[in-house]
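Keep in mind that what you see is a predicted model, and the values were worked out from it rather than measured. Heavy atoms only: backbone and side chains are in, while hydrogens, waters and symmetry mates are out. Residue numbering restarts at 1 for every chain, and letters A, B, ... go by the order of the sequence lines.
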There are 2 protein chains.
Amino acid sequence: MVTILVIDDEEDIRELLCYNLKKEGYDVYSAENGEKGLASMLANKPDLIILDVMMPGMDGIEVCEAIRRTDGFQKTLICFLTARNEDYSQIAGLDAGADDYVAKPVKPKVLVSRINALLRRKGMISLESGHVKDLVINREKYVVEKNGAVIHLPRKEFELLALLASKPDYVFERDTILDKVWGSDIVVGDRTIDVHVRKLREKIGEHYIKTVKGIGYKFVEVQN
Amino acid sequence: MVTILVIDDEEDIRELLCYNLKKEGYDVYSAENGEKGLASMLANKPDLIILDVMMPGMDGIEVCEAIRRTDGFQKTLICFLTARNEDYSQIAGLDAGADDYVAKPVKPKVLVSRINALLRRKGMISLESGHVKDLVINREKYVVEKNGAVIHLPRKEFELLALLASKPDYVFERDTILDKVWGSDIVVGDRTIDVHVRKLREKIGEHYIKTVKGIGYKFVEVQN
DNA sequence: TTTTATTTTAAAAAGATCTTCAAAAAATGT
DNA sequence: ACATTTTTTGAAGATCTTTTTAAAATAAAA
């Protein structure tokens, strides 16, 4: 499990980043200033720290230096958020510690894919395709392979399958599914999930997804 | 993953280079003098070293010679940063070890593209897709060949194709495409990518680029 | 068994996202 | 400055995806 710490004084930004990173499956913590950030770092031991350069109090550079001085965090990944027209002379020491930069204003999608890329580059995650039974779920190609045959799935169906298959035999409640696949703020009717499950079963086969009546659905690894 | 080491005594330059090279996706380290640079080299085993010629203490030439004397780094790429009015008689022996030169003052874009070109030339990165299916994507000629026929493509179209073809079957999200082809700070409308895709399909054929609705596009190696 | 709640199914409606075209804007070449 | 090429935009239409609807099927509970 990859843990990420977001340090930014703007609450909106923090929330935006946390929301999107959590949705991506990361364990996310946040802090509103350098001091709290460093404390959170010691407590949660993040693998990656996202750090705003411009903050009141300790700025990003200082926090970065402090991180690098802390035993055990010399190699923790750091990604800076920099204003677009940042003056290079003002961001002295920037090269010392950062592993990547993302320019503000931050687009969630861009940030998430950059974070993914960085973590992959550093070997922190293997976005490798997961395989369950005879299915290979390949997120990078956005396809499912079954005995070599390639099955194309539309987005929602793919995400639904990926979710269920991420924990075989584990039941996902309908609320959880709605939350993870659709997002907590989207409101859809009650039958939407069912229909997607049906489409999935049509495409990949009937026996992979099992209904747990009154609860939700699960991807069956072992039949019973 | 390509690792680059920047050795320069001027902090501003180091930062500028680090910033831009990291943003390009390289793993970048830096040092402020020859001694520290050599230490960092041993620790991080860079594929390419960017070396300022004029530095207090060990100058670039000396560092270069030291690098070449070090076991395992005889073939490490070296790119010199030279002052514009450098007296070339003074930098004797420069040709002994360097693989490229960039004149100061350094423009980030120029440097990055020179570095890219150098690494490509030396086979460190395969930004060019070589040949996929019956297409040969030739970056040096900036041309695509299909069964011997030469297809000329304008820059954006070429870059787009090169990007997609660099990882056949992998889906590139629209944001990623925008980032890589247009640049993260350029803002273009939503339909721009589509139109370029259409032009590409017109020129190279319909079946190479597949739309993955809601996600992006991919270059299909294997039909399905 | 009968009732009740829940899920399946199929088809249609609504929605979102792409494709295409034409034309404007920007860049490049002569 | 003019012509040409390249890039970008906007709008209409096509296509694919998602959601809803409602009836039929199913499982669990009374």
Please state how far atom [atom1] in [X] lies from atom [atom2] in [N], giving the value in whole angstrom units.
X        : N      : atom1 : atom2 : value
A/Ile209 : C/dT7  : CD1   : C1'   : 14 Å
B/Glu157 : D/dT6  : CD    : P     : 8 Å
B/Leu200 : C/dT19 : CG    : P     : 12 Å
A/Arg155 : D/dT18 : CZ    : P     : 7 Å
A/Glu159 : D/dT17 : CD    : P     : 14 Å
B/Asp175 : C/dT17 : CG    : P     : 13 Å
B/Arg198 : C/dA23 : CZ    : C1'   : 13 Å
B/Ile177 : D/dT8  : CD1   : P     : 14 Å

Item checked: With sequence neighbours excluded, residues passing salt bridge (charged side-chain N to carboxylate O under 4.0 Å, His left out) with B/Lys199 ->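 Per chain and number, B/Lys199 pairs via salt bridge (charged side-chain N to carboxylate O under 4.0 Å, His left out) with no residue.
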
Next item on the list: Check every strand shown and say whether B/Phe158 touches a base, only sugar-phosphate, or nothing at a heavy-atom separation below 4.0 Å.
Entry: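 Contact class for B/Phe158: none.
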
Checklist line | Residues that B/Lys213 engages under side-chain contact (heavy atoms from CB on, under 4.5 Å), provided they are two or more places apart | finding: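 side-chain contact (heavy atoms from CB on, under 4.5 Å) check on B/Lys213 returns nothing, list empty.
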
Phosphate contact ([N] OP1 or OP2) by [X] side-chain N/O below 4.0 Å:
X        : N      : result
A/Thr211 : C/dT8  : yes
B/Tyr217 : C/dT17 : no
A/Arg174 : C/dT6  : no

Distance-only criterion, 3.5 Å: show the donor-acceptor pairs between side-chain atoms of residues 1-10 of chain A and protein atoms not counting sequence neighbours.
| unit_1 | atom_1 | unit_2 | atom_2 | d |
| --- | --- | --- | --- | --- |
| A/Asp8 | OD1 | A/Glu10 | N | 2.8 |
| A/Glu10 | OE2 | A/Lys104 | NZ | 3.1 |

Check: So which of A/Leu17, A/Leu51, A/Val53 actually passes side-chain contact (heavy atoms from CB on, under 4.5 Å) with A/Leu81?
Finding: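 Among A/Leu17, A/Leu51, A/Val53, the one meeting side-chain contact (heavy atoms from CB on, under 4.5 Å) with A/Leu81 is A/Leu17.
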
Notebook entry, point to check: Without hydrogens or angle criteria, can the side chains of A/Tyr26 and A/Asn20 be said to hold a donor-acceptor pair below 3.5 Å?
Noted result: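 Their side chains do not contain a donor-acceptor pair, so the 3.5 Å distance test is not met.
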
Notebook entry, point to check: Are the ring centres of B/Phe172 and B/Tyr217 closer than 6.0 Å?
Noted result: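 They do not qualify: ring centres at least 6.0 Å apart.
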
Margin query: Please encode protein proximity along nucleotides 19-30 of chain D as a string of B, S and -, counting only heavy-atom distances under 4.0 Å.
Written below: BBBB---BB---

Item checked: Close side-chain approach of B/Ile204 and B/Ile151, heavy atoms under 4.5 Å ->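 Side-chain contact under 4.5 Å: yes.
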
Next item on the list: Could you say whether B/Gly214 or A/Arg201 is positioned toward the 5' end of DNA chain C, judged by the nucleotide with the nearest heavy atom to each?
Entry: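 So the residue in question is A/Arg201.
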
Check: Around atom OH of A/Tyr170, are there more than 12 heavy atoms of other residues, nucleotides or ligands at under 6.0 Å?
Finding: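 Open: at most 12 neighbouring heavy atoms sit under 6.0 Å from OH of A/Tyr170.
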
Quiz: residues 174-186 of chain A side-chain donor-acceptor pairs under 3.5 angstrom, not counting sequence neighbours:
| unit_1 | atom_1 | unit_2 | atom_2 | d |
| --- | --- | --- | --- | --- |
| A/Arg174 | NH2 | A/Asp194 | OD1 | 2.3 |
| A/Arg174 | NH2 | A/Asp194 | OD2 | 3.1 |

Notebook entry, point to check: How does DNA chain C look in dot-bracket notation if pairs are Watson-Crick or G-U with both distances under 3.5 Å, crossing ones as [ ], other-strand ones as |?
Noted result: ||||||||||||||||||||||||||||||

